[in-house]
Enquirer: 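Dropping the structure in here first, questions after.
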Protein chains: 2
Amino acid sequence: MTKVKIHSKEIPVKTIGRLSQYRRALLICSQKGKTHIFSHEIAAIQHVTAVQVRRDLMLIGFNGSLKQGYDISKLIAVISEILDYEPGVNVAIFGLGNFGRALFNYFHGKRSLLRIVATFDSNTEKIGTEYNKVYCYSPYRVEEIIKKKDIKIAILTVPPDKAEEVAKKVVDAGIKGILNYTSTPIDVPDDVFLDEYDMITTMEKAAFFVKMNELNL
Amino acid sequence: MTKVKIHSKEIPVKTIGRLSQYRRALLICSQKGKTHIFSHEIAAIQHVTAVQVRRDLMLIGFNGSLKQGYDISKLIAVISEILDYEPGVNVAIFGLGNFGRALFNYFHGKRSLLRIVATFDSNTEKIGTEYNKVYCYSPYRVEEIIKKKDIKIAILTVPPDKAEEVAKKVVDAGIKGILNYTSTPIDVPDDVFLDEYDMITTMEKAAFFVKMNELNL
DNA sequence: ACAGTATTGTTATTAATTTAACAATAATGA
DNA sequence: TCATTATTGTTAAATTAATAACAATACTGT
Ligand SMILES: NC(=O)c1ccc[n+]([C@@H]2O[C@H](COP(=O)([O-])OP(=O)(O)OC[C@H]3O[C@@H](n4cnc5c(N)ncnc54)[C@H](O)[C@@H]3O)[C@@H](O)[C@H]2O)c1
Ligand SMILES: NC(=O)c1ccc[n+]([C@@H]2O[C@H](COP(=O)([O-])OP(=O)(O)OC[C@H]3O[C@@H](n4cnc5c(N)ncnc54)[C@H](O)[C@@H]3O)[C@@H](O)[C@H]2O)c1
């Protein structure tokens, strides 16, 4: 899927990603008391070009003013209208190890419409405890809890050799989005959003550039 | 930069990223005792198409055999030849909090040519201690240590409001690649590789897809 | 009043990337 | 022997994304 429909207009998925970035920049500016912003200012914050910003905003039909640029709070509202889902979306973390907890701490409270409502871990010492006031369940209860709590997104931070098994289980239980941080690539049906991130891939790219840098010079 | 030169041939940077993925898949297969692999098998593991794989391998001039496919160990060697930098690359972590430590643990020992040789933290309780046998330095010593230990890549896991300051410092000291996990976008000179990852952006995308999924149905 | 300036909104152009198409090849087996 | 099959390697086409170009506009200062 490379395009999505918003108000019967086709919008590239890449634009959706950038809208999320723009909103982040806008929120920061808004907190600083700024009320208006120019395309090139947004661009400077988020590593894109001013043209790209204007084009993206054109696509969602948002208009700025010639002398003041874009009204920050209105733009935030419009982007939120597109990105946010009013009833909110429930999320669960699978694997409450070091990495899972670090992500939880970071995410905790950052987005009111995205709620981590459960964690799962196979370690009996963790099952039944609370972390950030959220209960840790046994993997045996995955299906039950996902359905009961209407959980739609899963964050996978289990050991690599458990990834496939857990992924299958959560998809069967009705999960519609997976963030897989495991180094094991997983397969999901077409209607399930999947993102896989591995810092090692990024490190290898960085190292490659370092190499280029040193050799071509 | 969208293309790089390998053996005087232009290779898309995206291909470089995929080569890293392919190698990962190949290493796993190799460990399982497999000696040859078809393009569609690599593709199935790594969420790309078989054509993409063949095209990428063509670009780096690697040939498979018609009936057996690609020789796994030879392919690993060729990819490594491209990606790896023989003397190795030294890396440092800035901010040894929960997230920094989780990344360290994960990365630790995974790639012999990418070495985490120092960590930095402003917390006086951490300075002078060792984590995974690696010394934690005071931020005051950033320049000195980066130069002395020839550190080329920085992993940024400091608090968001410290990101810019630390980034500036490490770039000035000679760092050539930054993995910024802070939610603050930073600016670096053109010759410094920069990757910024934030799980919230990914979560927002996932939530958006959940929304699409439920509304268009 | 009007030239000069900075910015938006949009179309046109170019570049990059992916996908498709298919000839070439080597093995199989009827 | 020769059609069948499965795969690679490569060129061509299509798609997607980014960049450039520029008219339109509204404000400034003279
Ligand atoms: N993508 C990245 O950049 C990145 C970074 C760090 C870690 N990781 C990966 O994240 C995962 C977690 O890393 P970590 O350092 O937290 O490891 P960890 O061992 O501390 O945590 C794993 C947790 O999963 C639990 N677990 C095991 N099987 C389970 C199951 N079937 N269901 C639920 N929970 C289960 C364990 O009890 C443990 O608490 C690993 O796969 C690691 O490779 C990825
Ligand atoms: N990108 C992501 O997906 C993601 C996920 C988790 C956390 N984060 C970010 O990573 C960062 C760290 O998160 P955390 O949970 O580990 O927080 P943390 O507070 O546990 O760790 C931050 C560490 O940085 C140290 N520090 C502060 N100033 C410093 C300086 N000038 N130089 C060196 N060290 C310094 C602190 O002493 C602390 O140990 C935060 O910016 C957080 O927002 C990002």
Side-chain angles (χ1 to χ4, degrees), chain A residues 1-7 9-22 25-26 29 34-72 74-75 78-79 190 205, chain B residues 1-7 9-22 25-26 29 34-72 74-75 78-79 190 194 201 205:
Chain A
M1 202 186 325
T2 57
K3 293 259 171 70
V4 290
K5 274 214 172 158
I6 312 263
H7 307 137
K9 270 188 78 171
E10 298 262 296
I11 310 263
V13 167
K14 289 230 169 170
T15 293
I16 298 294
R18 283 191 296 263
L19 289 176
S20 165
Q21 286 181 255
Y22 299 161
L26 293 167
C29 293
K34 230 167 130 66
T35 62
H36 291 78
I37 194 167
F38 294 120
S39 60
H40 58 84
E41 293 178 291
I42 300 179
I45 303 176
Q46 293 290 353
H47 309 300
V48 292
T49 65
V51 184
Q52 185 91 261
V53 172
R54 293 208 300 279
R55 227 177 166 290
D56 285 336
L57 298 190
M58 186 195 75
L59 287 176
I60 62 170
F62 189 83
N63 292 303
S65 96
L66 220 39
K67 269 291 140 172
Q68 299 189 95
Y70 302 95
D71 180 309
I72 291 181
K74 278 189 191 147
L75 182 48
V78 169
I79 294 178
D190 276 352
K205 261 192 269 183
Chain B
M1 202 187 326
T2 58
K3 293 262 172 67
V4 289
K5 275 217 173 158
I6 312 263
H7 307 137
K9 268 188 79 171
E10 299 261 297
I11 310 262
V13 168
K14 291 226 169 174
T15 293
I16 298 294
R18 283 191 295 264
L19 289 176
S20 164
Q21 287 182 254
Y22 299 162
L26 293 166
C29 293
K34 227 167 132 65
T35 62
H36 291 77
I37 193 167
F38 295 120
S39 59
H40 59 83
E41 292 177 292
I42 300 180
I45 302 175
Q46 292 290 353
H47 309 299
V48 291
T49 64
V51 184
Q52 184 92 263
V53 172
R54 293 208 299 279
R55 229 180 164 290
D56 286 335
L57 298 190
M58 184 194 78
L59 288 175
I60 62 171
F62 188 82
N63 292 303
S65 97
L66 221 37
K67 270 293 143 173
Q68 299 188 96
Y70 302 96
D71 181 310
I72 291 181
K74 278 189 190 146
L75 182 47
V78 169
I79 294 178
D190 276 353
L194 172 65
T201 302
K205 261 194 268 183

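Just so you know, these numbers come straight off a predicted model, no measurement behind them. First the proteins, then the strands, lettered A, B, ... as listed; each starts at 1.
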Enquirer: A/M1 CE to C/dT19 P: how many Å, rounded?
Expert: 14 Å
Enquirer: Checking the side chain of B/Q52 only, and the main-chain atoms of B/T49 only, is there a donor and an acceptor separated by less than 3.5 Å?
Expert: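 Not a single qualifying donor-acceptor pair exists.
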Enquirer: Quick check on A/K74: does its NZ atom have over 12 non-hydrogen neighbours (other residues, nucleotides or ligands) under 6.0 Å away?
Expert: no
Enquirer: Among D/dT19, D/dA21, D/dG9, which is the nearest nucleotide to the side chain of B/R54?
Expert: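 Minimum distance to the B/R54 side chain belongs to D/dG9.
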Enquirer: Can you tell me which nucleotide in C/dT18, D/dA17, D/dA21 comes closest to the side chain of B/K14?
Expert: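 Side chain of B/K14 sits closest to C/dT18.
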Enquirer: Just the rounded figure in Å: distance from P of D/dT19 to CG of A/L59.
Expert: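 My rounded result for the distance is 15 Å.
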Enquirer: Could you tell me how far apart A/I16 (CD1) and D/dA17 (P) are, to the nearest whole angstrom?
Expert: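 Going from A/I16 (CD1) to D/dA17 (P), I get 12 Å.
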Enquirer: What is the distance, rounded to the nearest whole Å, between atom CE of A/M58 and atom C1' of D/dA21?
Expert: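 So the CE-C1' distance, A/M58 to D/dA21, works out to 14 Å.
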Enquirer: If the cut-off is 4.0 Å, is B/R55 near the phosphate of D/dA12, judged by side-chain N/O to OP1 or OP2?
Expert: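 For B/R55, the contact criterion (side-chain N or O under 4.0 Å from OP1 or OP2 of D/dA12) is not met.
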Enquirer: Considering only side-chain heavy atoms of A/K67, which listed nucleotide, D/dC27, D/dT19, D/dG9, is closest?
Expert: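 Looking only at heavy atoms from C-beta outward on A/K67, the closest nucleotide is D/dC27.
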Enquirer: I want to verify a distance call: between D/dT11, C/dT11, D/dA21, whose nearest atom is closest to the A/V51 side chain?
Expert: D/dA21
Enquirer: How far apart are the closest heavy atoms of A/K3 and A/V13, and which atoms are they?
Expert: N-CG2, 4.0 Å
Enquirer: A/Q52 side chain: which of C/dG9, D/dA26, D/dA18 is closest?
Expert: D/dA18
Enquirer: Which residue is it: A/I42, A/I37, A/T35? I am looking for the one with a side chain to side chain contact (heavy atoms under 4.5 Å, CB included) to A/I72.
Expert: A/I37
Enquirer: Examine distances only and state if a side-chain atom of B/Q46 and a backbone atom of B/Q21 form a donor-acceptor pair shorter than 3.5 Å.
Expert: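 Present.
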Enquirer: Side chain of A/L66: nearest nucleotide among D/dA17, C/dA26, D/dT25?
Expert: D/dT25
Enquirer: Take atom CG of A/L57 and atom C1' of C/dT8, then tell me their distance rounded to the nearest Å.
Expert: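 Whole-Å distance recorded here is 10 Å.
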Enquirer: Within this structure, what is the CG-to-P distance between B/D56 and D/dT10, rounded to whole angstrom?
Expert: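 B/D56 atom CG is separated from D/dT10 atom P by 14 Å.
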Enquirer: For the side chain of B/R18, counting heavy atoms from C-beta on, which of C/dT7, D/dG9, C/dT18 is nearest?
Expert: C/dT18
Enquirer: When you measure from the side chain of A/H40, which nucleotide among C/dT11, D/dA21, C/dT7 comes out closest?
Expert: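 Between C/dT11, D/dA21, C/dT7, the one nearest the side chain of A/H40 would be C/dT7.
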Enquirer: If you find the nucleotide of DNA chain D closest to B/S65 and the one closest to A/P12, which residue's nucleotide is nearer the 5' end?
Expert: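 The residue whose closest nucleotide sits nearer the 5' end is B/S65.
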Enquirer: Would you say a side-chain N or O of A/N63 is under 4.0 Å from OP1 or OP2 of C/dT8?
Expert: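 False: A/N63 side-chain N/O out of range (4.0 Å or more) of C/dT8 OP1/OP2.
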Enquirer: Mind calculating the distance between CD (A/Q68) and C1' (D/dT25) to the nearest angstrom?
Expert: 14 Å
Enquirer: Between C/dA27 atom C1' and B/H36 atom NE2, what is the distance in whole Å?
Expert: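 Atom NE2 in B/H36 sits about 15 Å away from atom C1' in C/dA27.
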